[in-house]
Protein chains: 2
Amino acid sequence: MRSRHMGGPPWWHGRFRGCGYRFTVPRQAILDVLSGTLKHLSAEDIYFAVHKTYPNVGLTTVYRTLELLVHMGLVFKFDFGDGRARYELSEGPKGARHHHHLVCTSCNRVVDYTDFIDEEVELLGRTEKGLSDKFNFKITNHLIQFYGLCDKCRNSQ
Amino acid sequence: MRSRHMGGPPWWHGRFRGCGYRFTVPRQAILDVLSGTLKHLSAEDIYFAVHKTYPNVGLTTVYRTLELLVHMGLVFKFDFGDGRARYELSEGPKGARHHHHLVCTSCNRVVDYTDFIDEEVELLGRTEKGLSDKFNFKITNHLIQFYGLCDKCRNSQ
DNA sequence: ATATAAATGAAAATCATTTTCAATAACACT
DNA sequence: AGTGTTATTGAAAATGATTTTCATTTATAT
């Protein structure tokens with residue numbers, strides 16, 4: 001597969017090389033898909049999206065790349081309870097697009113929210129500090145989700 | 001399978017009947033296992049534990065019962081990233097055993113913590129209220145987890 | 001006791017994810 | 001630009017947790 005002049009954050013390349021990894025076309029393509037959406041894509045979703053431009057990138061590569069990206073901390077993997085993992089470009093607590101999730105336990109709909117985030121993040125920071133000290137963990141991330149019945153589901157049943 | 005005089009919270013029986021479900025021996029046994037441990041058991045763990053006393057309860061029934069218990073809100077299902085779901089008797093935010101989790105992303109070890117919980121729960125309550133109003137969700141539960149490298153993993157690599 | 005519908009167990013099916021392995025591509029070095 | 005080394009890739013097969021199927025059993029109302 002031929003390399004192209006790559007768009008997107010140029011530091012991705014350096015980030016990969018810095019870890020001893022190669023910045024290949026499939027990896028670039030997967031990052032492009034993730035950075036171009038606000039949705040919660042599954043591996044298969046990403047596979048189809050990449051497939052439009054690069055039909056010979058396989059699903060296996062998508063899985064392998066996602067695992068790598070999660071390991072590098074560039075991507076966060078979520079479980080919303082519908083039997084398949086979901087992936088999002090990880091945006092640190094100070095990032096503009098940082099959000100948490102509200103998950104409907106009936107239809108699995110996921111709503112992102114950014115309100116209340118600031119207070120949450122502030123408290124999380126303090127908790128994080130306390131936990132690191134007490135348990136000697138090197139904390140790299142957190143997850144907050146609320147579960148319940150969405151508008152539609154609470155009315156329809 | 002013969003019914004026995006049942007120990008454990010007697011309201012379980014009523015809770016089941018109230019939902020139109022039968023309170024069977026396998027269901028009781030599974031609840032007994034869950035209420036007798038502080039660990040994060042997988043469906044298979046529970047199957048083995050139940051099997052000691054009731055060798056003819058099948059894994060299928062364990063899965064089906066867990067799904068029901070989660071649906072009834074008696075049990076919470078977790079994903080710690082090791083490819084199998086984990087289950088805990090759900091103890092509401094005010095419960096004595098209510099806790100959150102600290103997950104090692106390298107070895108998947110899970111540490112329960114109860115410190116900092118009060119503040120977290122207080123904030124979560126407020127957030128919950130705000131979210132309910134804004135998105136018209138009926139919120140029934142929340143999940144907070146921290147991720148990072150545990151003591152051992154941060155030193156060994 | 002009996003009827004009825006819910007619950008169960010064993011086996012088979014499903015389906016997301018991983019593994020295997022030979023072929024290919026990225027990059028360091030000329 | 002050409003070459004060698006090694007990481008990366010793709011296709012197919014394997015894995016393994018969870019679900020489904022369906023005939024049998026059990027709880028409970030009558």
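Residue numbers begin at 1 in each chain, while the letters A, B, ... track the order of the sequences. Scope of the values below: all heavy atoms of this structure, side chains included, with no hydrogens, waters or symmetry mates.
- Each of C:dT17, D:dA17, C:dT8 was ranked by its minimum atom distance to the side chain of B:P26; first place goes to C:dT8.
- Nearer the 5' end of DNA chain C, as judged by each residue's closest nucleotide, is the contact made by B:G20, out of B:G20 and A:R22.
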Could you go through nucleotides 11-15 of chain D and list every protein N or O atom that sits under 3.5 Å from one of its N or O atoms, giving the distance for each pair?
from, atom 1, to, atom 2, distance (Å)
D:dA12, N6, A:T60, OG1, 3.3

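- DNA chain D is contacted by no residue of residues 65-78 of chain B, taking any non-hydrogen atom closer than 4.0 Å.
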Step by step, would you call B:F146 with A:L143 a side-chain contact (heavy atoms from CB on, under 4.5 Å)?
-> CA-CA 6 Å; B:F146 285 93; A:L143 172 69; over 6 Å; no

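- Atom pair A:Q28:CD and D:dT9:P shows a separation of 13 Å (rounding to whole Å applied).
- Whole-Å rounding puts the B:R86 CZ to D:dT18 P distance at 9 Å.
- Within the structure, a side-chain polar atom (N or O) of A:H13 is placed less than 4.0 Å from OP1 or OP2 of C:dC27.
- Within the 4.0 Å cut-off from OP1 or OP2 of D:dT9, at least one side-chain nitrogen or oxygen of A:R27 is found.
- Classification of A:D45 and A:R86 as a salt-bridged pair holds, one side-chain N sitting under 4.0 Å from a carboxylate O.
- The aromatic rings of A:F78 and A:F76 sit tilted relative to each other, their planes meeting at an angle between 30° and 60°.
- A salt bridge links B:E119 with A:R126: the closest approach of a Lys/Arg side-chain nitrogen to an acidic carboxylate oxygen falls below 4.0 angstrom.
- Ring orientation note: the planes of A:H51 and A:Y47 are tilted relative to one another, at an angle of 30° to 60°.
- A sub-4.0 Å separation between OP1 or OP2 of C:dT18 and a side-chain N or O of A:Y63 is absent.
- Under the rule for a salt bridge (charged side-chain N to carboxylate O under 4.0 Å, His left out), the partners of B:D115 that lie at least two apart in sequence or sit in another chain are A:K134.
- The distance from atom CZ of B:F48 to atom C1' of D:dA17 is 13 Å, rounded to the nearest whole Å.
- For the pair B:D79 CG and D:dA17 C1', the computed distance is 12 Å after rounding to whole Å.
- Inter-residue side-chain proximity for A:V75 and A:S90 is flagged as unmet; no heavy-atom pair is nearer than 4.5 Å.
- As a whole-Å value, the separation of A:Y21 OH from D:dT6 P is 18 Å.
- B:W12 places its CH2 atom 19 Å from the C1' atom of D:dA27, with the value rounded to the nearest Å.
- Annotation: the terminal axes of the helix from C:dA1-D:dT30 to C:dT30-D:dA1 meet at 40°, where each axis is the rotation carrying the C1' atoms of four end pairs onto the next four (5 pairs per end, rounded to 10°).
- One can place OH of A:Y54 at 15 Å from C1' of D:dT9, the figure rounded to the nearest angstrom.
- Applying the ring-ring contact (aromatic ring centres under 6.0 Å, His included) test to B:H71 and every residue at least two apart in sequence or in another chain returns nothing.
- Ring geometry for B:F135 against A:Y113 counts as tilted: the plane angle lies between 30° and 60°, on a 0 to 90° scale.
- For A:F48, the side-chain contact (heavy atoms from CB on, under 4.5 Å) criterion is met by A:E44, not counting sequence neighbours.
- Between the CG atom of B:D82 and the P atom of C:dA16 there is a distance of 19 Å, given to the nearest Å.
- Nearest to the side chain of B:T24, among C:dA26, C:dA7, C:dC27, sits C:dA7.
- Using the six-membered ring where Trp is involved, B:F23 and B:H13 have ring planes that are perpendicular, over 60° apart on the 30 and 60° scheme.
- Ring-plane geometry between B:H142 and B:H98 is classed as perpendicular, the angle between the planes exceeding 60 degrees on a 0 to 90 degree scale with a lower cut at 30.
- Among the nucleotides C:dA7, D:dT18, D:dT9, the one closest to any side-chain atom of A:T61 is D:dT9.
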